[in-house]
Amino acid sequence: MLKGTGRPAYSGVAIGRAYVYHKQCSELPASCGDAGKEQQKFDEAKETARRQLQQLFEKTKQEIGEEQAMIIDVQMMMLDDLDYLESVADMIKDGAGAAQAAQDSGEFFSAAFAAMDDEYMKARAVDVKDVSSRIVKILCGDQGGLVMEQPGILVAEDLTPSETVQLPKDKILAFVTRQGSSNSHTAILARIMNIPSLVQTDISLDAQLDGKLMVVDGFDGTYYVEPDEATLAAMQEKQQKAAQSRRQLEAYRGRPSVTKTGRKINLYANIGSPEDVKAVLAGDAEGIGLLRSEFLYLGRDTAPTEEELFEAYRTVVEGMQGRRVVIRTLDIGADKKVDYFGLDAEENPALGYRGIRICLDKDEIFRPQMRAIYRAAAYGRVSVMFPMITSLWEVREIKAFCEKIRRELAAEGIPFGEAELGIMVETPAAALASRELAKEVDFFSVGTNDLTQYTLAIDRQNAKLDRFYDAHHPAVLALLSMIAASARQAGIWCGICGELGADPTLTEEFIKMGYDELSVSPGRVLELRKIICESEVCPQ
Ligand code: PEP
Ligand code: MG
């Protein structure tokens, strides 16, 4: 038995086989010196790419529609493009490795397409690049995401948000990473999935770990590889006790979240994709307080279209059957990156081009989102909120933009509904200007993850700083109190959707401050409802 430790990012006990996740290689494999063998490697990778694309084609056709699936069909045809194949073969004959030849040929033809006058051919540049990078990835040992036949415990060096969204969520029993901070988006996703997770562990990712029995204890931050009988029995008992406490919370299912003093608190859930609605309903949340829409953009090669966004939002809104759904517009940037927007690398990404700053600058990114949101609002109760607000002018510009979108949809005869407009209060500037901002919007939702980061000047992604990242810091709590007071004065509702909202030691404090809503991971709802129902406090 091997015992190790890490930092718990979400509680619970999981028992299962280890699946080790390996990242793509950072350097392309060199040629083995035999052109024939390199050509054979390329041919095999090309066939693997074809099988992957075929599967993707079927999935897209089923889930999104024939028209979107045709893009994949075009990519499959490119696998047989004679010019491309000839270029690869020539480079290999000249001594290049298969991966290098695939990459260089892809770049050459992509540049050639991009330079054409014909708009259709120009647009194919992205497809060529996409197909060749798929082949390169395969040649680097990436078989198209992690394949898990059985449920298991995912062990990795670290996971980016885009890697996390592509994982087979229904198969993962726990996350164990060597790096990662407990405030990162990957840890947040583990909480949404309601599975134990440990970050900053001392686990070694050697080849022998794969398939071994593991136990993860997310309560005290320990893991065991090949546990002995006594440890396994003790952990099974701990797991059963946790299940028993969860069963006791079932008494609160379906009950209104009202304090003994009669104060109603809306207990909502945070989600990242339409798939998470199942967890929201299972968790008995009363609505969705934060749909992190950027997760719809991660792990793909092109931005979702208005139609795709609309379908995703409509699925969520319909799934929630009349309960409120707060959609947050794209908060890309900082740790959540996509290549296809072509954004420059930055010295200080957390202070940089992210969230609403990108949307206010780029009509082509903002417009499809707002059109999709208003269109989805025709199917239920939708609110929209905007991340990373710092100034009043931003809010005014957003409101004017929303008005324009509604007029546009009306002129085009496209059905749409009304949506409450709110802002995330997650910068000290927005908190300090909350009195003025409250007069402009319908609600506030406090992002305590970023509010803590920016108030304390501590990068939430930096694992070394976890000890200093203190969301209970008096400065953060003073801002939280100020924000709620501003909202109450203006007569708008206010909630907390950052991770602090789920902290049971502060629930009563938040009620006293005057918060109306707490939006938390779906698995935390019943626990907080119990606290609320047993509480005798009221807003002060
Ligand atoms: C926050 O900052 O608290 C928040 C909810 O947004 P995110 O964690 O996605 O930045
Ligand atoms: Mg935030």
Side-chain angles (χ1 to χ4, degrees), residues 9-10 160-162 164-165 180-193 199 268-273 276 285 287-298 325-338 349-359 383-390 394 422-431 434 443-462 466 469-473 475-477 479-480 483-484 494-503 506 510 515 517-522 524:
Y10 197 64
T160 64
S162 5
T164 317
V165 291
S181 105
S182 40
N183 311 300
S184 68
H185 284 93
T186 304
I188 289 172
L189 274 180
R191 286 175 208 141
I192 292 179
M193 289 161 69
V199 293
Y268 291 168
N270 295 345
I271 65 165
S273 80
D276 299 331
I288 289 171
L290 168 62
L291 166 60
R292 285 186 166 93
S293 66
E294 56 279 5
F295 286 110
L296 303 172
Y297 289 69
L298 297 179
V325 176
V326 182
I327 302 173
R328 174 173 79 183
T329 56
L330 183 63
D331 189 15
I332 215 81
D335 64 319
K336 294 174 286 191
K337 295 197 182 68
V338 293
L351 302 182
Y353 203 48
R354 61 169 289 194
I356 197 63
R357 301 168 185 177
I358 298 179
C359 286
S383 305
V384 54
M385 67 181 176
F386 305 91
M388 288 297 294
I389 296 291
T390 51
E394 294 164 336
I423 56 167
M424 297 271 305
V425 182
E426 53 183 345
T427 63
S434 55
F443 68 95
F444 282 162
S445 186
V446 185
T448 50
N449 310 334
D450 277 318
L451 188 62
T452 306
Q453 153 164 272
Y454 296 124
T455 305
L456 305 184
I458 287 174
D459 178 357
R460 65 192 259 198
Q461 289 299 121
N462 188 335
D466 268 7
Y469 182 97
D470 175 17
H472 287 225
H473 192 288
V476 177
L477 296 179
L479 290 177
L480 274 160
I483 298 162
C494 71
I496 299 176
C497 64
E499 296 299 298
L500 198 65
D503 185 334
L506 286 174
F510 294 147
Y515 279 93
E517 178 240 25
L518 298 172
S519 189
V520 299
S521 312
R524 304 294 302 278

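Counting starts at 1 for both ligands and their atoms, following the listed order. We use all heavy atoms of the structure for the numbers below, so side chains are in, but hydrogens, waters and symmetry mates are not.
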Proximal protein residues to ligand 1, non-hydrogen atoms under 4.0 angstrom
His185, Ile188, Leu290, Arg292, Arg328, Asp331, Lys336, Met424, Glu426, Gly447, Thr448, Asn449, Asp450, Arg460, Cys497, Gly498
Taking the basic N atoms (NZ, or NE/NH1/NH2) and the acidic carboxylate oxygens, is any pair closer than 4.0 Å for Arg357 and Asp331?
no
Distance-only, no hydrogens or angles: does the [X] side chain make a donor-acceptor pair with backbone N or O of [Y] under 3.5 Å?
X	Y	result
Glu426	Val446	no
Tyr469	Asn449	yes
Ser181	Asp466	no

So, of the N/O/S atoms that Asp450 has, which is the nearest one to the Mg ion (ligand 2)?
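Restricting Asp450 to its N, O and S atoms, the minimum distance to the Mg ion (ligand 2) goes to OD2.
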As a test of reading the structure, name the N/O/S atom of Glu426 that is nearest the Mg ion (ligand 2).
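Nearest to the Mg ion (ligand 2) within Glu426's N, O and S set: OE1.
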Is there a side-chain contact between Val326 and Val384, using heavy atoms and a 4.5 Å cut-off?
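Not touching, per the 4.5 Å side-chain cut-off.
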Pick out which of Leu290, Leu291, Thr329 makes a side chain to side chain contact (heavy atoms under 4.5 Å, CB included) with Met385.
Leu290
Listed partners of Ser519 passing side-chain hydrogen bond (donor to acceptor under 3.5 Å, both in side chains), at least two apart:
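Scan of Ser519 (side-chain hydrogen bond (donor to acceptor under 3.5 Å, both in side chains), adjacent residues dropped) gives Asn270.
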